[in-house]
Engineer: 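Submitted below is the structure of interest, expressed as structure tokens.
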Amino acid sequence: RSIVAGSANAHDGATGPASSPARPSAPSEEMDVASRIEGLCRRHKYTHAVPLTLDEVGEPTAATATVYRRYGDYLYGRRDYDGAMTQYEKTIGHLAPSYVIRKYLEAQRIHALTTYLERLHEVGGELATPDHTTLLLNCYTKLRDAEKLSAFVDRATAPGAPFGFDHETAIGVLSTAGYHEHALQALGLNDFREPARPGVGRRILDHTIYHALGGSTGHACLSLCKLH
């Protein structure tokens with residue numbers, strides 16, 4: 001999906017659609033374009049600045065992401081957290097995720113942070129680290145969104161998942177939050193005697209089974225497992 005912004009909105013003070021600029025062909029022209037971009041950003045006309053940053057075939061560049069980041073910072077400063085997040089999402093692949101995550105953790109804007117982390121996993125591929133995945137799981141549990149949590153665990157544990165997933169950490173997060181059935185889902189159990197995910201500690205497995213099945217049933221199941 002293209003990250004190019006559509007029409008200007010009320011925040012950037014635009015009065016009409018931006019025209020496509022002629023691409024610079026000499027260093028002096030490039031400096032002139034850079035000055036125009038800076039001037040537009042200083043006047044908060046970010047959507048007018050974006051077309052000036054595109055490459056010869058109209059694709060976004062690192063400069064495009066910089067404009068979106070500045071636009072996001074501007075909206076964030078005005079406490080338009082959702083509007084800012086819309087711009088920050090367009091910087092994925094250029095701006096370090098920690099820049100955005102830190103802002104929204106400090107502001108305790110968990111819904112917007114969840115949206116960003118979801119987008120990071122959708123389009124970021126290898127940019128989404130196990131730490132980002134763990135944070136997203138924590139967001140889902142805080143929001144008590146069991147449906148999204150289940151769908152995400154399914155995707156994360158599927159063969160060839162496009163992002164890192166630390167199963168033992170995820171199981172710990174889910175179990176601690178009381179999502180024991182989701183922890184079993186993350187384990188990818190084929191049966192209770194053998195976890196499908198190698199390297200998951202027996203203690204974590206026992207704890208997950210015990211709580212997922214309920215006290216007495218879980219205890220009985222664990223007793224039977226130890227007989228085999």
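Please read these numbers as outputs of a predicted model, since none were measured by experiment. Starting from 1, each residue takes its place in the sequence as its number. All heavy atoms count here, side chains included; hydrogens, waters and symmetry mates do not.
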Engineer: Taking atom types as modelled, is there a side-chain donor on Asp73 or Tyr99 under 3.5 Å from an acceptor on the other?
Structural biologist: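 Distance-only check passes for Asp73 and Tyr99.
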Engineer: Contact between Tyr71 and Thr47 at the side-chain level, heavy atoms closer than 4.5 Å - yes or no?
Structural biologist: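 Tyr71 vs Thr47: side chains touch.
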Engineer: Just by distance, do the side chain of Asp145 and the backbone of Thr141 share a donor-acceptor pair under 3.5 Å?
Structural biologist: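 Checking the backbone N and O of Thr141 against the side chain of Asp145, no donor-acceptor pair under 3.5 Å is found.
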Engineer: Can you name the closest pair of heavy atoms from Leu52 and Val33 and give their distance?
Structural biologist: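 Taking every non-hydrogen atom into account, O-CG1, 3.8 Å.
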Engineer: Do Val67 and Gln87 touch side chain to side chain, with heavy atoms closer than 4.5 Å?
Structural biologist: no
Engineer: Partners of Tyr179 by side chain to side chain donor-acceptor pair (under 3.5 Å), sequence neighbours excluded?
Structural biologist: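 Residues passing side chain to side chain donor-acceptor pair (under 3.5 Å) with Tyr179: none at all.
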Engineer: Looking at residues at least two apart in the chain, or sitting in another chain, which of them share a side chain to side chain donor-acceptor pair (under 3.5 Å) with Arg42?
Structural biologist: Glu38
Engineer: Mind listing the closest non-hydrogen atom pair of Gly72 and Ala84 along with its distance?
Structural biologist: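 In terms of heavy atoms, the two residues are closest at O-CB, 3.3 Å.
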Engineer: Let me confirm one number: the CG-NZ distance from Leu113 to Lys142, rounded to the nearest 0.5 Å.
Structural biologist: 12.5 Å
Engineer: Between the side chains of His44 and Tyr46, is a donor N or O closer than 3.5 angstrom to an acceptor N or O?
Structural biologist: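 On atom types as modelled, these side chains qualify, holding a pair under 3.5 Å.
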Engineer: Kindly write out the residues that satisfy side-chain contact (heavy atoms from CB on, under 4.5 Å) with Ala170, not counting sequence neighbours, or none if the list is empty.
Structural biologist: Leu137, Phe165
Engineer: Please enumerate all residues that pass side chain to side chain donor-acceptor pair (under 3.5 Å) together with Asp82, with sequence neighbours excluded.
Structural biologist: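 Counting only residues at least two positions away or on another chain, Asp82 forms no side chain to side chain donor-acceptor pair (under 3.5 Å).
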Engineer: Could you go through Thr66 and Arg69, starting from their C-alpha distance and side-chain angles, then the distance that decides it, and tell me whether this counts as side chain to side chain contact (heavy atoms under 4.5 Å, CB included)?
Structural biologist: CA-CA 5 Å; Thr66 298; Arg69 191 265 302 164; 4.0 Å; yes
Engineer: Is there side-chain contact between Tyr116 and Pro97, with at least one heavy-atom pair below 4.5 Å?
Structural biologist: yes
Engineer: Return the OG to CD distance between Ser150 and Glu181, rounded to the nearest 0.5 Å.
Structural biologist: 9.5 Å
Engineer: Go through the steps to decide whether Leu75 and Met85 satisfy the test side chain to side chain contact (heavy atoms under 4.5 Å, CB included), and finish with yes or no.
Structural biologist: CA-CA 9 Å; Leu75 296 177; Met85 181 56 74; over 6 Å; no
Engineer: According to side chain to side chain donor-acceptor pair (under 3.5 Å), who are the partners of Tyr140, at least two apart in sequence or on a separate chain?
Structural biologist: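 For Tyr140 the side chain to side chain donor-acceptor pair (under 3.5 Å) partners, ignoring immediate neighbours, are Glu118.
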Engineer: May I ask you to test the His132-Ile101 pair for a side-chain heavy-atom distance under 4.5 Å?
Structural biologist: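 A side-chain contact under 4.5 Å exists here.
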Engineer: Can you find a pair of side-chain heavy atoms, one from Asp55 and one from Thr64, that are under 4.5 Å apart?
Structural biologist: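 The answer is no; the side chains never approach within 4.5 Å.
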Engineer: Hey, what do you get for NZ (Lys45) to CZ (Arg36), rounding to the nearest 0.5 Å?
Structural biologist: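 That separation rounds to 13.5 Å.
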Engineer: When rounded to the nearest 0.5 angstrom, what distance separates NE2 in His180 from CD1 in Ile171?
Structural biologist: 12.5 Å
Engineer: Does a side-chain heavy-atom distance below 4.5 Å link Cys139 with Leu117?
Structural biologist: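 Cys139 reaches Leu117 side chain to side chain.
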Engineer: Measuring from atom CG of Leu149 to atom CD of Gln185, what distance do you get when rounded to the nearest 0.5 angstrom?
Structural biologist: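 Rounded to the nearest 0.5 Å, the CG-CD separation comes out at 7.5 Å.
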Engineer: Is there a donor-acceptor pair closer than 3.5 Å between any side-chain N or O of Thr61 and the backbone N or O of Thr53?
Structural biologist: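 Yes; at least one donor-acceptor contact below 3.5 Å.
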Engineer: Tyr68 vs His94, test: side chain to side chain contact (heavy atoms under 4.5 Å, CB included). Steps then yes/no.
Structural biologist: CA-CA 11 Å; Tyr68 283 131; His94 294 282; over 6 Å; no
Engineer: So, do Arg102 and Leu105 sit near enough that their side-chain heavy atoms are less than 4.5 Å apart?
Structural biologist: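 SC-SC contact between Arg102 and Leu105 ruled out.
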Engineer: Could you list the residues that satisfy side-chain contact (heavy atoms from CB on, under 4.5 Å) with Ala107, not counting sequence neighbours?
Structural biologist: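 Expected list: Tyr76, Tyr81, Arg109.
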Engineer: Could you identify which residues cluster with Ile110, counting Ile, Leu, Val, Met, Phe, Trp and Tyr as linked when any side-chain heavy atoms lie under 4.5 Å apart, either directly or through a chain of such contacts?
Structural biologist: Leu143
Engineer: Atom OG1 of Thr86 and atom CG of Asp80: how far apart are they, to the nearest 0.5 Å?
Structural biologist: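 Reported value, rounded in 0.5 Å steps: 8.0 Å.
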Engineer: Which residues pass the side-chain contact (heavy atoms from CB on, under 4.5 Å) test with Arg155, sequence neighbours left out?
Structural biologist: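 Arg155 satisfies side-chain contact (heavy atoms from CB on, under 4.5 Å) with His121, Glu122, Pro162, Phe163 once adjacent residues are dropped.
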Engineer: For Asp131, check side-chain contact (heavy atoms from CB on, under 4.5 Å) against everything at least two apart and list the hits.
Structural biologist: Thr129
